[in-house]
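Structure record follows, encoded as structure tokens.
Throughout, a chain's letter reflects where its sequence line sits, starting with A, and its residues are numbered from 1.
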2 protein chains.
Amino acid sequence: MNDERARLEETRDEFVTQWGIMGAQWGINRTMAQIHALLMTAPEVMSTDEVMEVLQISRGNAHTNLKDLVGWGLIRIVTKKGERKEFFEAEKDVWEIFRRVARERKRREIDPALETLRNCKAATEDMELPDGKAFHEQMMQLEDFVSFASKMGDRVATMQHGKAIKLAMKIFG
Amino acid sequence: MNDERARLEETRDEFVTQWGIMGAQWGINRTMAQIHALLMTAPEVMSTDEVMEVLQISRGNAHTNLKDLVGWGLIRIVTKKGERKEFFEAEKDVWEIFRRVARERKRREIDPALETLRNCKAATEDMELPDGKAFHEQMMQLEDFVSFASKMGDRVATMQHGKAIKLAMKIFG
DNA sequence: ATCTGATTTCAGTAATTACTGAAAGTTCAT
DNA sequence: ATGAACTTTCAGTAATTACTGAAATCAGAT
């Protein structure tokens, strides 16, 4: 019985570690991903001190990454009545997590990229040189694709869990 | 006219720089992304030396990143008859680029993550503690979602350009 | 077998990114 | 206004990741 508790903590550790590795590969700070994993599998809300304790990290590090996660909309601040401390709670619904990551990546990464592609396209609009024409054509294709991806992102971000799954099933099932 | 050439090179530089920044945000080495951008917009195949020259990087760096790009299937080696040197050429079709990135990321990142999720799920299969049950449930949901994403990746990777666009239009149009 | 023009490797170094811990700032009760 | 409990910032440092350049290796021509 106490053995089960130990086994659970071990498994949870494995999950936290792997989620951290995965995050790092996707350009997300390892610690941030670990905290996320920890909170996603936390039976209760956690305080900054608890996170520090479990992951063995400094206050500054814990603080920064917790606030970044709040910025991504992946965790939220919870206050307990009578307590002054902040506690944190993760969004656990997988579809909701996906939506929020999609929305933020679009905002932070896709939209700026689109901006550049549009500039590059515009700057070569009128060119006569074959190389200029080819470049312009390439920018156009990239822009079309990225803006399509961006629109899909918007669409997904406003879709409800059930609908999205059913729709996807219909297409890919 | 020569002014146009200069303007083109300037614009191309902007594109290379921005593609590098974007790559870095997605967890891809900046130089690798820059080389990719350079080759995507190259009117002719390029040699290692040309890449070194344009981006002002060392031979080792150019070599490593060119080979990595070959590994991702984003560029290919071309040999000119009579020449001993290797030249490189990028895949320019945007849908094809997307497919290859999707395929590689799935292989390198999604599949290993799935593996972990399955382990964690299995390790908590039989637990009686409420916390253990909750953890198991969370792993299940994650696994369902990630494996669904993985299947979609497969599906997309084998789809032809035209079909994919039409399908997507039907859904999101 | 040797030479030449190329590719590949890798030890050392540079640049970037992440983390620590202590100090400063905030908030709220008294 | 003071102080206790907590949050935020940030200069300094550690860890990680990327890059250089020279030496080793390879492949074809003679």
TODO: Could you work out the complete set of other residues in the hydrophobic cluster of Ile21(A), with links drawn between I, L, V, M, F, W and Y side chains under 4.5 Å apart?
DONE: none

Task: Pairs involving residues 111-142 of chain A, ordered by first then second residue, that meet ring-ring contact (aromatic ring centres under 6.0 Å, His included) (sequence neighbours left out) - done: none

Open item on the list: Surrounding CD of Glu44(A) (heavy atoms of other residues, nucleotides or ligands, distance under 6.0 Å), is the total greater than 12?
Closed with: no

Task: Close side-chain approach of Met32(A) and Leu69(A), heavy atoms under 4.5 Å - done: yes

- [ ] Go through residues 58-82 of chain B and report each residue with a non-hydrogen atom lying under 4.0 Å from DNA chain D, sorted by number.
- [x] Ser58(B), Gly60(B), Asn61(B), Asn65(B)

Using side-chain hydrogen bond (donor to acceptor under 3.5 Å, both in side chains) as the criterion, list what pairs up with [X], not counting sequence neighbours.
| X | value |
| --- | --- |
| Arg105(B) | Glu109(B) |
| Gln138(A) | none |
| Arg30(B) | none |
| Glu137(B) | Gln141(B) |

Open item on the list: Quick test of your reading of the model: are Asp126(B) and Arg7(A) salt-bridged, counting only N-O distances below 4.0 Å?
Closed with: yes

Open item on the list: How bent is the helix from dA1(C)-dT30(D) to dT30(C)-dA1(D), measuring the angle between the end axes built from five pairs each, rounded to 10°?
Closed with: 10°

Open item on the list: Going 5' to 3' along DNA chain D, which are the first and last nucleotides with any atom under 4.0 Å from a heavy atom of chain B?
Closed with: dA18(D) to dA27(D)

TODO: Go through residues 20-37 of chain A and report each residue with a non-hydrogen atom lying under 4.0 Å from DNA chain C, sorted by number.
DONE: Asn29(A), Thr31(A)

Open item on the list: If the condition is ring-ring contact (aromatic ring centres under 6.0 Å, His included), which residues does Phe15(B) pass it with, not counting sequence neighbours?
Closed with: Trp19(B)

Open item on the list: Can you list everything that forms a salt bridge (Lys or Arg N to Asp or Glu O under 4.0 Å) with Arg76(B)? Sequence neighbours excluded, please.
Closed with: Glu89(B), Glu91(B)

- [ ] Specify the separation, in whole Å, of atom NZ of Lys85(B) and atom P of dA6(C).
- [x] 5 Å

TODO: Keeping the roles fixed (side chain from Lys92(B), backbone from Ala42(B)), state whether a donor-acceptor pair exists under 3.5 Å.
DONE: yes

